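Naming: A, B, ... by sequence-line order, numbering from 1 per chain. All figures in this text were calculated on a predicted structure; none of them were measured in a lab.
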Amino acid sequence: MENLNPEIRNQIENELLGTVGRRYRQETFWVIFLGLVCAGGTIAWVIQLRKGLGVTAMRDYVSWGLYISLLFFFVGVSLIGALVSCVLRMSGAKWRYPLIRIAEAVTLSAIFFAGFMPVLDMGRPERLYFLITHGRIQSPILWDVVAIATYFIGSVIYFYLPLIPDLAIMRDKLTDAPMWRKKLWRWLAMGWEDNLLQRRLLKKSMLILCIVILPVAISVHTISAWLIAFTLRPGWNSTIMGPYFVFGALMAGTAIMILIIAKLRHGYRLEHYLTPKHFNNLAKILLALTAFYLYLNINKYGVPAFKMAKEEKAVLEDLFYGKNAFLFWFTQIVGLIIPIIILSFKKIRQSITWVVAASVMVLLGALINRYLIVVPNMLHPFVPIQHAQHGYATYNPTLIEWTITASSLAGFVLLIILLFKPFPVITMWEVIEEVEKRGEKEIGVENIVNFQNIPGHAS
Amino acid sequence: MACGNNCSCNNNNAGNQDNSRRDFLVKGLMGGIGAAFLSGCSTNDKAKHSDGEKINVLTHDGKLVTVDKSQVANFKPHISEEDVRKGIPGKKFVMVIDLAKCDGCGKCTKACNKMHYLPKNKEWIEVIEMQDSPEVAPYYFPKPCYHCDNPPCTKVCPVDATFKREDGIVAIDTDRCIGCRFCMAACPYSVRLFNWTEPVKPNIIETTPAAENVFQSKKGCVEKCDFCPHMAREGKLPACVTGCPMNAIWFGDANEDAVTCYDGTTTRLSQLLEDGGAYRFMEELGTEPRVYYLPPTNRTYNAKEIKIEKE
């Protein structure tokens, strides 16, 4: 295809730059609300720091609870960046271009909180630096620290690289911005002139990073799975944990991705960029992942259930018809089977509302599933629990724990919103370049060449 | 001028001492096993008054001399951080629990709690009721830390706060523990306890490194049965052994092939294990515990009275 008319190009850029620094009433409300939840969580954390972990419901049997469940959730969600930037790239899916920055923002926020959760869970957070001064490479926790740090740095770079040309556009276009912002953009754009050599170097480094970051991403979550799979505990002592975590994570990440682009589509008026094609394609991926996850679940629970070995029996009975049966069957039926059924219909996949509904179900199931992986197993150790003091043989999270959990989730969403604020959420230069090369249809954007002014939108 | 024991009196920081005053190496004539751990050095020979009691001591050049007891200070060897991490040289501690004798009185737990200043709700050695299958008679099962030779807990510790010593003990350094509780998740025997809140501190001063402290509870850190290394250094038995009137718990050194129980009977470990048909708890996990059990045959108590708590 031929190059775009400079005027159209200009309009696309203006439209996408429209969200930068712009205030939306609904968004401001959410930022304040999430900020308040985070403040509440901070207060709860200070209480926990002063009084010790005794303020939680965790005790000697259930020594890991909501915080570690949430750690697994966040590490998992962070895989979405690798899925969109690497897996889709390698499979040649051109429609990924408008999604890349959104996915990387989700990844950055998730991996940040994944690094934060273990600190919340530590009995002695002031000794955190011991991991460096006395670190022992034999321990999977050290591997986790190294993997999370590597993935965090890799994700920052992957967020930054495609941003450079966009920063140059901002530097050149948004001339009425405050001085400090212009200076910052100039500094961050690193003298981007959009010449052939720079483009070639940028694309090459993005390709290298894409290849390097995929094994890192998979290792990050496999290591979190190993934290529990390396223990001699019924239910955890299983070789399926690595893939079980990784695919559960990709599934949860895809669901979150769908929910976020659904919100951005109307909230940021990006209807032309985040189109039913994206929802449809992500729904297909979600369908494949939920189906595969169901298969993994059948293996994880079905195989030991057939044998009903002594130790596994207690855990499985608890899940199948014991105290946790409601949650377990909720994750299986509402979290997997119903989404698989509804996403199997082409008509439903093409309806954004239905895809969003399925994603909500999958996400809820995935969150509860993290809890079910951690807690019920801890309540059924090899040596039966006897003479337990009050509160030791059960786990009912306290208000402090719920507050900190809620504020971590709130902080995760808040950080995503804040990452969207200073930059255009769509990678402008890449989308324009690909539309020039392949046309709108393949990229999944609609009517951006035949630009129509959207009402209420600054140009 | 090393005095040949764990004592590091040469580099002791007591500035008022000089070499001439440290010529004595006391071979403590203590009863019981492992008396060699007790060593002492003379400190101040003019301040003490004589009470007439004599004691045999070995000088550094190998002469046995008799001196007044007041000449010798009640010296405890200085134990360095390194000594604690290495363990007591030449030892391999081992415990044997005779389930036929244990009547579930819980005195081992009480003695342990007293020794380690533990509140009632903490049990380093827990006596649980076991029933292997519905038709067989139940029995009492004291469960200390097994001090495994292939310990799952030390493998996962990210900061080397819990470690395996050469004398077989798995110890915890509460000055190092970061409270991640990975070791608790890794222990298949649910032996480890966590200090969820600030523990009540006893009014004692301890000079040994944290891993050999008698009082080990520290907020935000893990604790568990430590085989009483402070007692072993003095050649004494752990609190649970000296607290068990049923003679159900034996403790000793596998290198010496000797174990001792409450009434002072010392027997050959290998013979005891062989005659009693000993086994280790959950051998199939491959953790190689250092605690052996003798099966509950010919029980000395009425097993029918045991009630098993159902989950």
Asker: Please flag which part of B/Thr174 lies under 4.5 Å from any non-hydrogen atom of chain A: side chain, backbone, both or neither.
Answerer: backbone

Asker: Could you look at B/Phe281 and say if it's the side chain, the backbone, both or neither that has a heavy atom under 4.5 Å from chain A?
Answerer: side chain

Asker: Contact part of B/Glu123 toward chain A, heavy-atom cut-off under 4.5 Å: side chain, backbone, both or neither?
Answerer: neither

Asker: Side chain, backbone, both or neither: which part of B/Cys187 has a non-hydrogen atom closer than 4.5 Å to chain A?
Answerer: backbone

Asker: Could you tell me which of A/Met58, A/Gln138, A/Met378 has the largest number of non-hydrogen atom pairs under 4.5 Å with chain B?
Answerer: A/Met58

Asker: Tell me, out of B/Asp175, B/Asn195, B/Val222, B/Thr154, who's got the most heavy-atom pairs with chain A below 4.5 Å.
Answerer: B/Asp175

Asker: Could you look at A/Trp143 and say if it's the side chain, the backbone, both or neither that has a heavy atom under 4.5 Å from chain B?
Answerer: neither

Asker: Decide whether B/Trp124 and B/Asp226 meet the rule of one side-chain donor and one side-chain acceptor closer than 3.5 Å.
Answerer: no

Asker: Test B/Asp149 against every option in B/Arg280, B/Lys92, B/Lys164 by the salt bridge (charged side-chain N to carboxylate O under 4.0 Å, His left out) rule and name the one that passes.
Answerer: B/Lys164

Asker: Where does A/Ile228 contact chain B at under 4.5 Å (heavy atoms): side chain, backbone, both or neither?
Answerer: neither

Asker: Using a cut-off of under 4.5 Å for heavy-atom pairs, which of B/Cys180, B/Pro188, B/Pro152, B/Cys153 has the most such pairs with chain A?
Answerer: B/Pro188

Asker: With a 4.0 Å cut-off on N to O distance, would you call B/Arg165 and B/Glu212 a salt bridge?
Answerer: yes

Asker: Taking the six-membered ring of B/Phe194 as reference, does the cationic atom of B/Arg181 (NZ for Lys, CZ for Arg) lie under 6.0 Å from its centre and within 45° of its axis?
Answerer: yes

Asker: So which of B/Ala161, B/Ser190, B/Cys177, B/Ala186 has the largest heavy-atom pair count under 4.5 angstrom toward chain A?
Answerer: B/Cys177

Asker: Taking the six-membered ring of A/Phe130 as reference, does the NZ or CZ atom of A/Arg124 fall below 6.0 Å from its centre and within a 45° cone about the axis?
Answerer: no

Asker: Heavy atoms only, distances under 4.5 angstrom: which of A/Pro140, A/Gly52, A/Ser63 has the most pairs with chain B? Name it, please.
Answerer: A/Ser63

Asker: For A/Leu49, is it the side chain, the backbone, both, or neither that has a heavy atom closer than 4.5 Å to a heavy atom of chain B?
Answerer: backbone

Asker: Which residue, A/Arg59, A/Glu401, A/Lys323, forms the side-chain hydrogen bond (donor to acceptor under 3.5 Å, both in side chains) with A/Tyr395?
Answerer: A/Glu401

